[in-house]
2 protein chains.
Amino acid sequence: MIFSALEDNFLDNINLLRKVQAHLDELRKSERKVANYILLDPASVLQMRLSDLAHTADVSEPTVIRFCRALGFDGFQSFKLQLAQYLGSSGNYVQFSVSDSDSVADVNRKVFDATIGSLLNVRDEMDPVALEKAIAALSGARRVEFYGFGASGSVAIDAQHKFFRLQVSAAAYTDPHIQHMSAISLKEKDVVVAISQSGRTKALIQSVNLAREAGATVIGLVPRNTPLAALCDLPIHVNVEEVEHVFTPVSSRIAHLVVIDVLAMGVARSSSEHLQDHLKRLNRSLRTLRANNKKPT
Amino acid sequence: MIFSALEDNFLDNINLLRKVQAHLDELRKSERKVANYILLDPASVLQMRLSDLAHTADVSEPTVIRFCRALGFDGFQSFKLQLAQYLGSSGNYVQFSVSDSDSVADVNRKVFDATIGSLLNVRDEMDPVALEKAIAALSGARRVEFYGFGASGSVAIDAQHKFFRLQVSAAAYTDPHIQHMSAISLKEKDVVVAISQSGRTKALIQSVNLAREAGATVIGLVPRNTPLAALCDLPIHVNVEEVEHVFTPVSSRIAHLVVIDVLAMGVARSSSEHLQDHLKRLNRSLRTLRANNKKPT
DNA sequence: CCACAGGATGAAATGATTTTTCTGGTTTAA
DNA sequence: TTAAACCAGAAAAATCATTTCATCCTGTGG
């Protein structure tokens, strides 16, 4: 009972609809009608009064209230407010395409919102267990190499950057030959992070195979159900449904970057205070490369 | 009058609080009390009834209603719902710091949310006019070069990538010497995009100076009020307030990437159908580098 | 300096909507 | 088959938002 209460609380702020779904089977029959309608068209509920919803779901008004109470809310109003917040947080950021009539401000908004939408999706789809394993592997690694081509190449470089700062011996290779050469020289305590938006890049598959043969652990930032996902020791699934359209921005590389952030944060956390000292010193030394606030002459 | 109505409509779905702010001076004195309280602590309003808010703001209940109407809402309820949606969309994603007691799932959530929060901020702070000018400059450019160091280096590389696809002659330099050499060889129709998280990197300032002397147009993705911002022809301000803490992820580079996406989208839009053909062919040719769905042997 | 017009404000009445109570019906288990 | 528990809705009650209207300012012209 306590556990379920905690869980409720956890879900509360995350995903109301998921919570409704989860409670479906502990609801009474007619309350379930309400739940089903809400799941069907949550947005429309916002404009409704209690009696509207009751009528639409074909139940009486007290039933709707009992439904709200069953989910832990004070009443209908309080439920509606939560719903509004939830819809506000996830409803707005949708796939889109830019049309010619859009102003630059529109384009700006759409690109940002699409990116945010992707991030929200990826965030909720993330598998904490896979992350945990990956963080453990990275923390214990003797050496970490990041492989990627094209847009994922710059993700790899960025990742190298991040892990450098954590005093992890890191490299990023975006050239297939070098990748292969490096892969065959890996040892057991080494970790490879393979980054791919398609999950099917031939050269990368080959690098991963070589790395595994050499005994290294391979973490993959790849879409689910792809050849690369099947090949990695520790696949981290990053699924960004991208409409295949020239005017759709590619936000999957951004999702990848954020996942790298999560991994880096995890590694940093699991490391010693010694590292934190190091990071402070690093920040200080970077400052000498900067000009101060005076207008340059 | 029509214009203002349009503008209202525009702001409606974007940022309720900003809308309240904008209407401040056309409100009556006591209505303004309501507005001020709401701006002060919007979240608390959600739990309040009409009479609570009236009492807290030290006005009568009809006044609160008149305030809501003045903003174009049906009444108090409808205002509260909008507010809930707005707070849901931007309120949740706040700065944070990871603590030792956090689970990996928590870390994941926090890192994503912080990133999303930054993006929302940057999105709303973006100056469409600056963007428009930058897009115009890029569209007309003979050659585009991206300069950046460190984390901004990988942003530069990513940008080059993106613009390559648009058949723009693009280069990315992350080495100061090469930057300088390239900068002095630029011509008038060339464009440099200088990317910096700090806005004060000495070497980058120098490169920008050289590029300007050579006659090139310099676009800057830089924080406001920094030496680099002052130096660029077309500064695009990207302000990510980052708490200076080792365990805070650096999300400004992600904001930069999204801004690059916006620029690329803008350039793509303003270009010919010929380009769109090109992009389709490009996608097809990339496909040959990929394995198909069969499990690799 | 006063009187008056006009708008701004709040008290109280009104009306809408939510919530509670209670009763009739239905299932379940002995 | 019957009692017990449970479920659902009608109607009453309570709550809360909205409207009406009277009052109070504020500023202006006499």
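Here is the naming used below: chain letters follow the sequence lines, and residue numbers restart at 1 for every chain. Just the heavy atoms: all of them, side chains too, but no hydrogens, waters or symmetry mates, feed the values below.
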Quiz prompt | Per B/K29 side chain, nearest of listed nucleotides C/dT19, C/dT9, C/dT17 | solution = C/dT9
To the nearest angstrom, how far is [X] atom [atom1] from [N] atom [atom2]?
X	N	atom1	atom2	answer
B/I65	C/dA16	CD1	P	14 Å
B/K80	C/dT18	NZ	C1'	13 Å
B/H55	C/dG10	NE2	P	12 Å
A/F76	C/dT17	CZ	P	11 Å
A/Q77	C/dA16	CD	P	16 Å
A/D52	C/dT18	CG	C1'	12 Å
A/F73	C/dT19	CZ	C1'	17 Å
B/K33	C/dT9	NZ	C1'	10 Å

Self-check item: Minimal non-hydrogen separation, B/V238 against B/A255, with atom names
Solution: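 Minimum heavy-atom contact is CG1-CB, 3.9 Å.
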Hey, could you give me the [atom1]/[atom2] distance between [X] and [Y], rounded to the nearest 0.5 Å?
X	Y	atom1	atom2	value
A/T115	B/I116	OG1	CD1	10.5 Å
B/E31	B/L24	CD	CG	11.0 Å
A/Y86	A/L17	OH	CG	4.5 Å

Quiz item: Quick one: how far along DNA chain D does chain A reach, first to last nucleotide 5' to 3', anything under 4.0 Å to a heavy atom?
Solution: D/dC7 to D/dA10
Exercise. Specify the residue among B/S78 and A/R66 whose closest nucleotide of DNA chain D lies further upstream toward the 5′ end.
Key: A/R66
Exercise. On DNA chain C, check which nucleotide each of B/R28 and B/E61 is closest to and give me the residue with the more 5' one.
Key: B/R28
Self-check item: Distance test, side-chain N/O of B/T63 to OP1/OP2 of C/dT9, below 4.0 Å
Solution: no
Side-chain atoms of residues 42-53 of chain B: list all donor-acceptor pairs with protein atoms under 3.5 Å, sequence neighbours left out, distances to 0.1 Å.
from	atom 1	to	atom 2	distance (Å)
B/S44	OG	B/Y37	OH	2.8
B/S44	OG	B/D41	O	2.8
B/S44	OG	B/D41	OD2	3.2
B/R49	NE	B/D52	OD2	3.3
B/R49	NH2	B/D52	OD1	3.2
B/D52	OD2	B/R49	N	3.0

Practice problem: Would you mind checking if A/D261 and B/R253 are paired as a salt bridge, meaning a charged N to carboxylate O distance below 4.0 Å? | Solution: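 Salt bridge: yes.
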Quiz item: Does A/K133 come within less than 4.0 Å of A/D233, counting only side-chain N to carboxylate O?
Solution: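 The answer is no: the pair does not qualify as a salt bridge.
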